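Below is one structure; the comments refer to it alone.
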Amino acid sequence: MRRSVLLLASLSLGLGILLFLYSCTTAKVDTATPESRRSINAYGSDLIDQGREIFRFDTFGSEAFWAKTRLHDAIAGEKNGGVGAGVSPNTALKLGLKVDLQKVPKAVLPLLQAGTLNLNDPAATLALLKANSVLGVTGFFEGDRLRAIGITCALCHSTVDDSLKEGIGGRLDGWPNRDLNIGAIVAAAPDLSAFTQLLGVDDATVRKVLNSWGPGKYDAELNIDGKAFRPDGKPAATLNPPAFGLAGSNLHTWTGGWGTISYWNAYVAVTQMHGQGTFFDPRLDDAKKFPVAARTKLGHTVPAGEDKVTSKLPALHMYQMSLPTPKPLEGSFDKAAAGRGQAIFGGKARCASCHVPPLFTEPGWALHRGEEIGIDNFQADRSPDGRYHTMPLRALWDTKKIHKGGFYHDGRFATLMDVVNHYDRHFSTRLTEQEKADLIEFLKSI
């Protein structure tokens, strides 16, 4: 009897040891101390908070450049110490500028809500600028007189939900502003000598190029290669891309061969927004490919004074990584058809060979020549390595804001059906009309 008890005890002990060892090998062991977890979480949270402020409100010192163009005088108008008729809120809204309802001055908000604010008076624009309620545009005042304006990331990469009226509402950070006619806005500046000297052309030519872009488009390579128009005569400007849903993707631009997201942030802040910062890229010394940049030594930019860009890149990057892709609205796609379309996406249509779920881009080298995707290489060849980026498929359900203006870098495909038909021809997938329709419903679901 005693021997049986001892044997049972031994077996129980052995089983307990085995279970303990098994749990040690299979359980997720968190080696971080509570202090280190709190420290890491606090660091990430602080960076996101800082990045939000930078994204929305930091001009990077760009007001020094834009003051020389006297764009602020054109906004203010002659009656408010500037020149010309000025820019009223109605004019600003028609140009695609947006107003953050939460930033509207308390004295102005009731008038705006009641519809009694004079939206044809440039003085109302100045009041909105003074309250920092115009997305992406910061006014610098001496008393009530506008002395300069600076621009922020939110100018092109934020819009509003139109909760009060079209163009006025709550912020939508990371959403591309496809209404923004940035070319027409810049063309309104009285002094464009900085651009005429850079490009070596006259004032009329610069204004013609700027006014050719149209809403939602911008040319971020004009200042390096001087190519204002494509071979087919259309403007070389490209659509503003979304700045959300970038986690897991390290390339931000249509022609991703430029570099990482932080690279592009530095490039845009210094060379496009004209902020005061450091930018280095010796690839731009190639005088044949980048004649303007090589002549001006753009790839070796060092600020004369304080660097107002470089220290902000980590937080700006972290905030961009935190911006989620907007989820489809209820009723924005057919769920049953999307289920069928998912099988087509990963099967017959072969979409997933490049747009790998759940990133919906390629993990790794997500770059292709135009021949691979059935289009010309004009825009790709403006980048250092001459390739297009496999853009992550994001929020394809929304064509009123996010994808307003079409698909692809230049909007050449007006609808998702146009995109599907293009690839059906190029890859000879021979989809039926029903399969195409189901595929589109799946695309709208992601």
Side-chain angles (χ1 to χ4, degrees), residues 157 159 172-176 178 216 238-257 261 264 320-329 332-335 337-370 372-375 379-380 387-427 429 431 435-446:
H157 299 290
T159 186
L172 297 170
D173 281 353
W175 291 44
R178 293 286 177 90
T238 59
L239 289 167
N240 291 333
F244 55 64
L246 295 173
S249 176
N250 202 35
L251 302 173
H252 183 37
T253 62
W254 300 112
T255 49
I261 293 167
W264 195 248
Q320 286 173 302
M321 292 297 97
S322 75
L323 294 172
T325 298
K327 294 182 179 180
L329 299 178
S332 59
F333 67 94
D334 184 313
K335 293 181 181 179
R340 297 190 300 269
Q342 184 173 11
I344 297 166
F345 183 91
K348 186 176 178 180
R350 306 200 300 273
C351 307
S353 61
C354 292
H355 297 281
V356 182
L359 293 179
F360 294 102
T361 183
E362 290 153 313
W365 193 247
L367 298 170
H368 297 275
R369 287 291 289 167
E372 297 177 66
I373 55 178
I375 65 170
Q379 189 62 29
R387 285 174 169 79
Y388 290 109
H389 175 206
T390 304
M391 294 292 280
L393 302 180
R394 297 166 286 176
L396 299 177
W397 57 272
D398 180 34
T399 56
K400 293 183 178 179
K401 285 185 177 292
I402 298 171
H403 296 288
K404 185 177 183 178
F407 298 92
Y408 262 51
H409 58 283
D410 51 12
R412 66 180 61 195
F413 298 122
T415 67
L416 285 174
M417 183 59 81
D418 291 337
V419 177
V420 170
N421 282 332
H422 168 75
Y423 282 119
D424 185 53
R425 290 190 298 268
H426 181 65
F427 292 119
T429 54
L431 300 178
E435 287 171 331
K436 292 177 184 178
D438 290 344
L439 176 58
I440 288 172
E441 292 308 304
F442 174 67
L443 292 173
K444 291 192 291 185
S445 76
I446 58 179

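Predicted model only: the values in this text are computed from it and were never measured.
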Those residues at least two apart in sequence (or on a different chain) that pass side-chain contact (heavy atoms from CB on, under 4.5 Å) with Ile440 are Leu416, Met417, Val420, Lys444

Across all chains, not counting sequence neighbours, the ring pair (Phe, Tyr, Trp, His ring centres under 6.0 Å) partners of Phe413 are Tyr408, His422

Contacts of Phe333 meeting ring pair (Phe, Tyr, Trp, His ring centres under 6.0 Å) (sequence neighbours excluded), chain-then-number -> none

Output for pair (Ile373 CD1, Tyr388 OH), nearest 0.5 Å, gives 6.5 Å

Shortest non-hydrogen pair, Pro363 vs Leu359, comes out as CG-CD1, 4.3 Å

On a heavy-atom basis, the closest approach of Asn240 and Arg178 is O-NE, 2.8 Å

Taken to the nearest 0.5 Å, the spacing of Thr361 OG1 from Asn250 CG works out to 11.0 Å

Smallest heavy-atom separation, Thr159 atom then Trp175 atom, equals CG2-CB, 3.6 Å

Sequence neighbours excluded, the answer for side-chain hydrogen bond (donor to acceptor under 3.5 Å, both in side chains) partners of Glu362 is His368, Thr390

Across all chains, not counting sequence neighbours, the side-chain hydrogen bond (donor to acceptor under 3.5 Å, both in side chains) partners of Asp398 are none

Residues passing the side-chain hydrogen bond (donor to acceptor under 3.5 Å, both in side chains) test with Lys348, sequence neighbours excluded, are Glu435

Look only at the side chain of His252 and the backbone of Ala243, and say whether a donor-acceptor pair between them is shorter than 3.5 Å.
no

query: Is there a side-chain contact between Leu396 and Phe360 (heavy atoms, below 4.5 Å)?
result: no

When you compare the side chain of Cys351 with that of Leu439, does any pair of heavy atoms fall below 4.5 Å? yes

Sequence neighbours excluded, the answer for side-chain hydrogen bond (donor to acceptor under 3.5 Å, both in side chains) partners of Lys436 is Asn421, Glu433

Would you say that Leu443 contacts Phe345 through its side chain, given a criterion of any heavy-atom pair below 4.5 Å between the two side chains? yes

By side-chain contact (heavy atoms from CB on, under 4.5 Å), Thr429 pairs with (sequence neighbours left out) Arg350, Asp424, Phe427, Leu431

Closest non-hydrogen contact found for Phe244 with Gly174 is CD2-O, 3.3 Å

- Message: Do Trp264 and Leu251 make a side-chain contact, defined as non-hydrogen atoms from C-beta onward lying under 4.5 Å apart?
- Response: no

For the residue pair Ile402 and Pro242, establish whether any side-chain heavy-atom pair is separated by less than 4.5 Å. yes

With sequence neighbours left out, the residues meeting side-chain contact (heavy atoms from CB on, under 4.5 Å) with Met391 are Pro241, Trp254, His389, Arg394

- Query: His409 versus Thr255: any side-chain heavy-atom pair under 4.5 Å?
  - Reply: no

Contacts satisfying salt bridge (charged side-chain N to carboxylate O under 4.0 Å, His left out) that involve residues 400-411 (not counting sequence neighbours) are Asp162-Lys401, Asp179-Lys404, Arg230-Asp410, Asp410-Arg412

Hits for side-chain contact (heavy atoms from CB on, under 4.5 Å) against Arg369, two or more places apart or cross-chain, chain-then-number order -> Glu371, Glu372, Asn377, Asp381, Arg387

Nearest heavy-atom approach of Leu239 to Gly405 is CD1-O, 4.0 Å

Across all chains, not counting sequence neighbours, the salt bridge (charged side-chain N to carboxylate O under 4.0 Å, His left out) partners of Arg340 are Asp438

Item to complete: Applying side chain to side chain contact (heavy atoms under 4.5 Å, CB included), run through Phe407 and Asp418 and close with a yes or a no.
Response: CA-CA 9 Å; Phe407 298 92; Asp418 291 337; over 6 Å; no

